[in-house]
There are 2 protein chains.
Amino acid sequence: MGLTRTEFFTEKQNKTASIMKALGHPARIAIIDFLLKTDKCICGDIVEELPLAQPTISQHLKELKNVGLIKGNIEGNAICYCINKKTFIEFQKYLTTVFDKLEKQENNCC
Amino acid sequence: MGLTRTEFFTEKQNKTASIMKALGHPARIAIIDFLLKTDKCICGDIVEELPLAQPTISQHLKELKNVGLIKGNIEGNAICYCINKKTFIEFQKYLTTVFDKLEKQENNCC
DNA sequence: TTATTATATTGCAATATTACGATAAAGATT
DNA sequence: AATCTTTATCGTAATATTGCAATATAATAA
């Protein structure tokens with residue numbers, strides 16, 4: 001059918017999956033890498049940095065913004081994008097529980 | 001065109017994205033959650049646990065296995081799946097660098 | 001007001017994903 | 001051997017994603 005059955009899963013599972021999904025493309029990983037590297041947040045420089053057309057980048061930025069991983073700030077006629085720490089910290093919480101559980105796992109059959 | 005331009009990105013970016021992508025579906029997050037919870041690894045119980053048809057689960061397990069997030073072990077006519085710690089630890093390394101950089105970021109414009 | 005610059009949106013073609021019924025494969029049980 | 005159990009694969013319909021040219025939008029500069 002091609003439609004993810006989100007209603008079958010918990011809100012947390014859906015939220016986590018949507019963040020992972022947003023990060024599930026090398027261009028979007030590259031955008032995050034770039035925003036982390038530049039320290040101050042950069043706008044259309046991303047378009048110059050990445051070897052993709054401007055509309056494509058714009059689309060990727062939109063997806064990252066939709067799940068709250070980045071924020072956009074209007075500065076004149078340009079837009080300044082940057083990491084949204086809040087979402088990352090929330091994401092980190094989930095990951096911490098995963099890695100904690102993993103550490104305690106012993107009876108791993110494989 | 002519908003084809004991800006992996007050749008434009010680094011191996012690490014592509015690898016990270018592929019792991020994120022594999023985790024970018026609530027059913028696959030639920031599978032990981034379940035494998036973490038059960039401690040000893042479970043096989044076809046996953047099919048009973050999740051409200052999806054057996055072929056669908058099988059497909060999701062395959063995707064998780066393809067990126068190395070889980071391992072499968074034949075036990076009689078059943079198969080025992082479990083977390084592949086190695087990949088998770090590798091994944092954690094990337095995430096640690098991200099969160100470290102994030103912590104040092106100060107000139108965040110937004 | 002008319003460019004110019006920067007970003008977003010639209011529309012579309014190519015491809016990928018999701019889900020599942022039907023069926024295959026392979027070991028276990030009778 | 002015949003059957004049951006468990007999991008994988010095939011085929012396919014519905015939907016989503018990726019990428020970009022063309023165009024729209026909106027602020028700035030001339």
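We name chains A, B, ... by the order of the sequence lines, and we start the count at 1 in each one. The model shown is predicted, which means the values in this text are computed figures rather than measured ones.
Rounding to whole angstrom units, NE2 of residue H60(B) and P of dA16(C) are separated by 18 Å. Rounded to an integer number of Å, the gap from CG of L52(A) to P of dT7(C) is 16 Å. The distance between atom CD1 of I74(B) and atom P of dA8(D), rounded to the nearest whole Å, is 9 Å. Atom pair L3(A):CG and dA16(D):C1' shows a separation of 9 Å (rounding to whole Å applied). The separation between L61(B) atom CG and dT7(D) atom P is 9 Å, rounded to whole Å. Rounded to whole angstrom, the span from the CZ atom of R5(B) across to the C1' atom of dA16(C) amounts to 15 Å. For the pair N73(B) CG and dA8(D) P, the interatomic distance rounds to 12 Å; values are reported in whole Å. Between the CD atom of E48(B) and the C1' atom of dT7(D) there is a distance of 14 Å, given to the nearest Å.
Among residue pairs with one or both ends in residues 49-62 of chain B, those qualifying as side-chain hydrogen bond (donor to acceptor under 3.5 Å, both in side chains) are R28(B)-H60(B); sequence neighbours excluded.
The salt bridge (Lys or Arg N to Asp or Glu O under 4.0 Å) check on E103(B) picks up nothing, with sequence neighbours excluded.
Side-chain atoms of P55(B) lie closest to dC20(C) of the nucleotides dC20(C), dT9(C), dT18(C). Nearest to the side chain of A53(B), among dA16(C), dT9(D), dC20(C), sits dC20(C).
Between G76(B) and E63(B), the residue anchored closer to the 5' end of DNA chain C is E63(B), taking for each the nucleotide with the nearest heavy atom. Residues K21(B) and K65(B) both approach DNA chain D. Their nearest nucleotides, taken by heavy-atom distance, put K65(B) toward the 5′ side.
Put simply, Y81(A) has a side-chain N or O that comes within less than 4.0 Å of OP1 or OP2 on dA8(C). The shortest distance between the side-chain N/O atoms of T56(A) and the OP1/OP2 oxygens of dG19(D) is not below 4.0 Å.
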Show me the protein contacts with nucleotides 1-6 of chain D, counting only N or O atoms at under 3.5 Å.
from: dT5(D); atom 1: O2; to: N77(B); atom 2: ND2; distance (Å): 3.0

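Taking 3.5 Å as the limit, the base of dA6(C) and the side chain of Q54(A) contain no donor-acceptor pair of atoms between them. Counting atom types as modelled, Q59(B) pairs no side-chain N or O with a base atom of dA8(D) as donor and acceptor under 3.5 Å.
Linking ILVMFWY residues whenever their side-chain heavy atoms come closer than 4.5 Å, directly or via other members, places I46(B) and I74(B) in the same cluster.
Closest non-hydrogen pair, L52(B) versus A27(B), comes out as CD1-CB, 3.7 Å.
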